Protein chains: 2
Amino acid sequence: MTEKVTIGDVARLAGVSRQTVSNALNSPDIVREETRQRVLRAVEQLGYRVNQAARQMRTGRSRLIAIRIEPDRDGINGSVLDRFLHGLTESAARSGYRVLLYTADDDQAEVDTFEDLLGAYEPDAFVLTSTHHGDLRTAWLLDHKVPFVTFGRPWSADSASASHAWVDVDGAAGTAAATRHLLDAGHRVIGFLGWPSGSGVGDDRREGWARTLAAAGVDPAGLSRATSDGVADGEKAAHDLLRSDLGVTALVCVSDSLALGALHAARSPGLAWQPGRGPGGGAAERPVAVIGFDDTPVAKAVGLTSLSQPLAQAAAHCVALLTTLLDGQADPGEPPANVLLEPSLVVRQSA
Amino acid sequence: MTEKVTIGDVARLAGVSRQTVSNALNSPDIVREETRQRVLRAVEQLGYRVNQAARQMRTGRSRLIAIRIEPDRDGINGSVLDRFLHGLTESAARSGYRVLLYTADDDQAEVDTFEDLLGAYEPDAFVLTSTHHGDLRTAWLLDHKVPFVTFGRPWSADSASASHAWVDVDGAAGTAAATRHLLDAGHRVIGFLGWPSGSGVGDDRREGWARTLAAAGVDPAGLSRATSDGVADGEKAAHDLLRSDLGVTALVCVSDSLALGALHAARSPGLAWQPGRGPGGGAAERPVAVIGFDDTPVAKAVGLTSLSQPLAQAAAHCVALLTTLLDGQADPGEPPANVLLEPSLVVRQSA
DNA sequence: CAGTTTATTTTGATCGATCTAATCATGCCT
DNA sequence: AGGCATGATTAGATCGATCAAAATAAACTG
């Protein structure tokens with residue numbers, strides 16, 4: 001163990017009182033410059049570091065941010081949270097905060113954990129991910145006046161009231177960009193592989209595709225398929241869509257999992273298309289173009305064009321919003337701030 | 001915020017002193033049974049939770065375990081740490097500990113962070129991942145008598161001295177199992193795609209393959225290729241190995257990244273093989289079998305047979321070793337304990 | 001039944017920082 | 001020079017728990 005250096009040790013060496021050391025560090029402006037220097041030199045010399053536990057007792061602030069780590073549910077998209085976590089840890093550290101992890105199997109368990117953590121470690125704030133309709137967690141936190149930010153919009157009906165700070169990535173803007181990219185490449189009949197409607201994220205992403213396609217004069221009706229998230233599901237849905245006689249030459253997908261399945265389907269015989277004509281018959285076949293979402297390692301590995309979420313940025317914004325909340329700079333009259341970031345298209349071989 | 005409930009509140013309600021409440025919770029055996037019940041009822045009623053900061057000040061124990069979260073370097077193998085982290089968080093919680101994250105770009109930066117954290121948050125222990133030759137970090141922690149466990153063996157020359165607790169997965173046993181699986185399936189000339197020698201993990205995994213192949217009467221010499229970790233690298237190396245006239249019909253790979261590359265190579269024309277004869281000429285071609293390592297989401301997605309590390313188990317063992325260290329149950333005379341787990345082969349289409 | 005031992009509970013101090021309020025200098029104004 | 005606002009520093013209390021030691025109650029012993 002490192003020998004403990006307390007504020008008293010520093011005070012003794014600098015020849016001042018404990019409080020002056022504290023002031024020199026926390027309210028530099030009320031200490032005489034020369035004294036401040038002397039204190040800082042002593043701090044340096046002894047390698048003093050403020051003890052969080054002691055500070056926390058007095059101030060009630062732990063400088064901890066808690067976040068739940070999820071079991072990477074479907075696997076393929078699991079690394080998204082991982083990258084976000086990394087960004088969060090870095091940004092938090094830059095602002096003098098540390099990240100504390102916890103797990104919970106469902107909303108209720110998570111709320112219980114809130115109570116546990118607040119009683120024991122007193123994190124200053126929470127970051128919630130995977131927000132969804134009728135989220136118990138946000139209600140509880142608001143109710144107990146615990147500061148928090150969500151990574152993900154509040155997808156509830158009363159989102160108009162915008163009752164908490166959030167950061168999100170604009171899925172619709174992403175799929176719109178993907179669709180535009182395909183249109184620019186000469187595609188017209190562009191399909192969409194999504195999740196069953198009802199999930200905020202999924203609906204949002206579909207909307208971006210539909211809007212852009214319609215704007216280009218193509219009716220999106222009938223060009224979309226919904227399925228659960230999985231490679232096999234994606235393959236099946238893509239097959240179904242490509243076999244129909246609609247002349248689909250490209251697919252925008254709500255996730256890399258579905259896109260990967262679509263890629264398999266697209267490479268199965270008889271589903272390619274010929275430039276300049278409709279599908280079927282002719283030379284120089286071109287494979288169906290596919291674009292995924294999330295830019296997971298899988299996408300990189302198989303050359304799948306995909307939409308990349310600016311996760312490090314999102315994390316940084318979360319921390320920024322939190323520090324504003326915590327430092328009380330937030331105007332209580334103003335509605336809570338929020339940030340919407342645009343994903344970027346990473347072009348690879350698949351489109 | 002939740003209204004604060006202190007040990008004093010509980011004491012008042014239960015009609016005893018603060019210390020008795022503390023005893024009832026921490027040393028139940030020295031409190032009269034009836035009193036204990038009364039205290040527990042009061043605790044329940046008020047929803048009391050011990051304040052870690054206050055406890056930490058007195059006891060010097062924070063009940064925090066710190067671990068570094070790495071930027072998922074190559075991406076494809078990134079989720080391994082993620083899954084380990086999840087397991088660690090769960091196991092730690094079960095033992096009354098929480099996980100604190102930090103980042104660091106290299107060993108030196110990590111050591112600096114040790115000092116920071118120990119001064120400020122006083123984590124009770126560290127869990128180190130990615131141990132390697134000449135690891136600065138273990139030396140520093142040993143030197144400062146900070147409890148820690150590594151996930152990964154000490155790969156140093158003086159590993160004989162086994163100076164710290166560790167948990168690891170037996171890579172050699174894994175590749176041995178993979179090789180045996182291929183032998184059982186009728187393969188004889190089985191190649192290996194690995195990393196350049198010098199990395200403990202890589203050498204270990206190669207060794208399991210070589211040993212098993214030799215035991216089956218096949219000389220592994222010349223059947224292995226070394227390359228950096230990447231899909232393209234793997235494809236190139238696999239091509240090279242398959243094109244040689246050695247008659248390789250299967251490949252064991254040190255990682256899923258390389259295996260994915262190998263899979264691509266194996267599917268390129270002219271590299272299949274015919275059962276019952278050597279490569280080239282004949283009917284009923286069979287693709288080259290490929291086995292990867294780590295069972296990443298990519299493996300699952302593309303149907304790659306791979307070796308799965310028991311990460312949740314490994315994490316649980318890490319916590320178990322730590323609690324033994326921290327609760328002082330470890331016999332100081334005994335050398336530190338360690339655990340070696342076996343990976344399991346997840347068989348999919350590729351082999 | 002006094003004298004001890006053992007069981008149970010309580011009192012007071014303490015961990016290391018910060019808050020509040022008090023003290024001690026200075027400079028300025030009339 | 002006295003009065004006073006301002007600047008700089010310090011003394012003492014405090015956060016909530018646990019430790020060490022003391023106090024009290026109960027049990028046992030000869």
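Below, read A as the first sequence line, B as the second, and so on, with proteins coming before strands; counting in each chain starts at 1. These numbers come from the heavy atoms of this one structure, side chains and all, not from hydrogens, waters or symmetry mates. Keep in mind that this is a model prediction, so the values were computed, not measured.
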Within the 4.0 Å limit for protein heavy atoms, which parts of nucleotides 13-20 of chain C are touched? Write it as a string from 5' to 3', B for base, S for sugar-phosphate only, - for none. BBBBBBB-

Looking at every non-hydrogen atom in both residues, tell me the closest pair between B:Pro310 and B:Val169 and how far apart they are. CD-CG2, 4.0 Å

Donor on one side chain, acceptor on other, A:His164 and A:Asn338, under 3.5 Å: no

Shortest non-hydrogen contact from A:Asp107 toward A:Leu136: OD2-N, 3.3 Å

Measure across B:Tyr48 and B:Thr6 and return the closest heavy-atom pair with its distance rounded to 0.1 Å. CE1-C, 3.6 Å

Would you say B:Asp106 has more than 12 foreign heavy atoms packed within less than 6.0 Å of its CG? yes

How long is the line joining CD of A:Glu34 and C1' of D:dG7, in whole Å? 15 Å

Contacts to DNA chain C from residues 35-46 of chain A, heavy-atom cutoff under 4.0 Å, which residues? none

Not counting sequence neighbours, which residues clear side chain to side chain contact (heavy atoms under 4.5 Å, CB included) with A:Gln56? List them please. A:Ser62, A:Glu122, B:Ala53

One would report the end-axis bend of the helix from C:dC1-D:dG30 to C:dT30-D:dA1, five pairs per end and rounded to 10 degrees, as 60°

Step by step, work out the side-chain contact (heavy atoms from CB on, under 4.5 Å) result for B:Val201 and B:Arg153. CA-CA 9 Å; B:Val201 176; B:Arg153 272 162 278 187; over 6 Å; no

Here the distance between atom P of C:dT9 and atom CD of B:Glu33, to the nearest Å, is 11 Å

Other residues, nucleotides and ligands only: do more than 12 of their heavy atoms fall within 6.0 Å of CD on B:Glu44? no

Under 3.5 Å, which protein N or O atoms sit close to an N or O of nucleotides 24-27 of chain D? Give each pair with its distance.
none

Does the distance from a Lys or Arg side-chain N to an Asp or Glu carboxylate O, for A:Arg63 and A:Asp124, drop under 4.0 Å? no

Please tell me whether A:Asn23 and A:Arg18 have a donor and an acceptor in their side chains that are separated by less than 3.5 angstrom. no

Side-chain donor-acceptor distances from residues 95-103 of chain A under 3.5 Å, at least two apart:
unit_1: A:Tyr97; atom_1: OH; unit_2: A:Arg61; atom_2: NH2; d: 2.9
unit_1: A:Tyr102; atom_1: OH; unit_2: A:Glu110; atom_2: OE2; d: 2.7

Could you check how far CD1 of B:Ile30 sits from C1' of C:dT9, rounded to whole Å? 9 Å

Reckon B:Ser17 has a side-chain N or O less than 4.0 Å from the OP1 or OP2 of C:dT10? yes

For the rings on A:Phe151 and A:Trp166, is their centre-to-centre separation under 6.0 Å? no

Heavy atoms only: give me the nearest B:Ala315-B:Gly87 pair and the separation to one decimal. CB-C, 3.5 Å

